[in-house]
Amino acid sequence: MSTTKSLVARGFPADTRPESLPGVDTVCDGPGSTVAAGRAATELELKRREFDLAVYLGAVGVRTGPDGRPRVDREEIVRLRSRGGFPDALRERVRTVGTAEGARLLGISPVRFARLARAGCLTPVAFYLNRYRAVVWVYLAQEVEALAARSPELLVGNSPAWMQSRLEAGGDWRPRNWRSRRIERLLALTDDPWVRAAIVAQGLDPVQLAEVVDDPYERAHFGRVRPEALFGRRASVAGREAMARLMPADEPDEILWRRISLITELDAAREARPAPRPGDERWAGPDDAPARSGAPTGPAAPPGQPRPGDLMLPREPVRSNMPPASPVPPASPVPPASPVPPVSPVPPSPVCPGGPRGLLARLRSAAAGGVGRRRARRGGALHAERRAGRRKPKSGGRAFAGWGGRPGRGGARRSG
C-alpha cells in the first residue's frame with residue numbers, strides 16, 4: 001500500500017490527483033442541479049419543521065427527484081437567499097404561535113383568543129398532540145397580526161351577534177378551516193388527476209365515499225396515491241389517528257361541498273386514465289406479462305409437456321394402430337399374516353399401605369375424615385383422663401382444684 005511519504009520519495013507531489021475527478025469536498029452545483037431537502041433547509045437557515053411548513057405554504061418550491069424523493073433546485077435557493085431581509089423575513093413567514101402567544105400578540109386574554117378561533121376568525125395552519133393526546137392548534141403569526149389590523153372591533157367590547165350564536169350552538173370551526181386549508185394546499189402541490197381526487201376524498205368518511213365512488217378499485221387506488229405527509233415523513237401512530245379523525249367533514253353543508261368537489265375531480269381523473277384493475281398489465285398472468293420480480297424461474301418445459309402453472313385437463317385417448325400389449329398376469333395373492341394375540345392389560349400395581357402416600361390420597365383421606373381436624377397425639381387419651389379426673393366433683397359438694405392437685409384459693413366448700 002502506497003503512503004504519502006513513499007509517493008513523495010518516488011517523485012510524486014503529495015496533492016497529486018487526476019484533474020478530471022473532483023475532490024471529496026467539491027460539490028458540483030451547476031445551473032440545473034438540485035439538492036436534497038435537508039441540505040436545502042440548512043442553506044436556507046431553517047429548521048426542518050420550518051422548512052416543511054415553508055413548502056406546505058408554497059414559499060419554497062420543490063420537485064420530485066428520480067428516486068422519488070423531493071429535491072430543491074439550486075436556482076430556488078439562490079432566489080430566496082438573494083431577497084432582502086434573508087433569513088429573518090423567511091423565518092417570520094413560517095413562524096407559528098399557540099393560544100397564549102397569539103393572545104399576547106393581540107393584547108387580549110387567552111379565553112377571548114380561543115373564542116375568536118372557535119368562531120372561525122382564525123384558521124389553524126397545523127396541530128400537534130400534547131402529552132395528554134389532546135389536539136393543540138397553532139396559527140401563523142402573520143395571520144394573527146392581520147386580524148388585529150382587519151377587525152379591531154373583535155378585540156374589545158362585546159362579541160357580535162353572529163359570533164355569540166355560533167359559540168352558543170357549540171360549534172368549533174377550527175377543524176373545518178384547517179381541513180379547507182390543507183386540501184387547498186395539497187391540491188396546489190400536484191397536477192396528477194388521481195392524486196387530486198384522492199386528496200379531495202380525504203374530506204369524506206368511508207360511508208360517504210362509498211356513495212360517491214361505487215367502484216372499489218378506484219377507492220383502493222385512492223389509498224395508494226394519497227399523500228400522507230410532506231416528503232414521505234410519516235407521523236406517529238397517535239398523530240395518524242388524530243389526522244384520520246379530523247379530516248372527514250362533519251357538517252351537512254361541508255359534506256355536500258366535498259361530494260361535489262370529489263365528483264368533479266373524479267370525472268377529470270377518469271377522462272385522463274382509468275384506475276388500475278386486476279385485468280390490467282400489472283395484474284396480467286404469466287402468459288401475457290413478464291414474471292414478477294423475485295419469482296422462481298426454471299427451464300422451459302419441453303413441447304407437449306405441461307408447464308408448472310398450467311391447468312391439467314383430461315385429454316382424449318390417442319388412437320394407435322399398434323397391437324395391444326399382452327396382459328400382465330396377476331400376482332399371486334399374499335397369504336394373510338397370522339393374527340397377533342391380544343396383549344393383556346397390565347393391572348395397576350397396588351399401593352403399599354405402609355408406604356408414603358401421594359398428595360391426592362392425602363387430600364381424599366382428609367376429605368373423608370374432615371378437613372382441619374387435629375390429629376391425635378401420643379398419650380392423648382391418658383391426658384384426657386387426667387384432666388377429667390381433676391375436674392371430677394367430689395362427693396358432698398362442688399370443689400375446685402388448683403395446679404398440682406392442691407386446693408385453690410378459698411379451699412373447698414363443704415356442704416353444711
Enumerate donor-acceptor pairs with a distance under 3.5 Å from any side-chain N or O in residues 113-120 to protein atoms, sequence neighbours excluded.
none

| query | What pairs with Asp73 under side-chain hydrogen bond (donor to acceptor under 3.5 Å, both in side chains), at least two apart in sequence or on another chain? | reply | Arg63

| note | Residues at least two apart in sequence or cross-chain that pass side-chain hydrogen bond (donor to acceptor under 3.5 Å, both in side chains) with Asp172, listed by chain then number, are Arg174

Listed pairs under 3.5 Å, donor-acceptor, residues 100-111 side chains, sequence neighbours left out:
residue : atom : partner : partner atom : Å
Glu101  : OE2  : Arg95   : NH1          : 3.4
Ser109  : OG   : Arg112  : N            : 3.3

| Nearest-0.5 Å distance, CG of residue Asp88 to CZ of residue Arg93 |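 Asp88 atom CG to Arg93 atom CZ measures 15.0 Å (nearest 0.5 Å).
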
| request: Report the residues that fulfil salt bridge (Lys or Arg N to Asp or Glu O under 4.0 Å) with Asp253, sequence neighbours left out, ordered by chain and then residue number. | output: Arg176

| field | Counterpart residues, salt bridge (Lys or Arg N to Asp or Glu O under 4.0 Å), relative to Glu76 (two or more places apart) | value |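 Salt bridge (Lys or Arg N to Asp or Glu O under 4.0 Å) list for Glu76, sorted by chain: Arg79.
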
Under 3.5 Å, side-chain donor or acceptor atoms of residues 121-131 against the rest of the protein: list the pairs with distances, not counting sequence neighbours.
residue : atom : partner : partner atom : Å
Asn130  : OD1  : Tyr132  : N            : 3.2
Asn130  : OD1  : Arg133  : N            : 3.2
Asn130  : OD1  : Ala134  : N            : 2.7

| query | Are any of the side-chain nitrogens in Asp192 or Arg273 under 4.0 Å away from the carboxylate oxygens of its partner? | reply | yes

| query | So does Arg179 pair up with Glu184, basic N to acidic O under 4.0 Å? | reply |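 Judged by the 4.0 Å cut-off on N to carboxylate O distance, Arg179 and Glu184 do not form a salt bridge.
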
Residues which pass side-chain contact (heavy atoms from CB on, under 4.5 Å) with [X], listed by chain and number, not counting sequence neighbours:
{"X": "Ala40", "result": "Val35, Phe51, Val72, Ile77"}
{"X": "Pro248", "result": "Asp205"}
{"X": "Arg258", "result": "Ser180, Ile183, Leu204, Ala249, Glu254"}
{"X": "Ala210", "result": "Arg219"}

Determine all donor-acceptor pairs shorter than 3.5 Å in which one atom belongs to a side chain in residues 137-151; sequence neighbours excluded.
residue : atom : partner : partner atom : Å
Glu143  : OE1  : Arg181  : NH2          : 3.0
Glu143  : OE2  : Arg181  : NH1          : 3.4
Glu143  : OE2  : Arg181  : NH2          : 2.4

| query | Is the OH atom of Tyr217 crowded by more than 12 outside heavy atoms at less than 6.0 Å? | reply | no

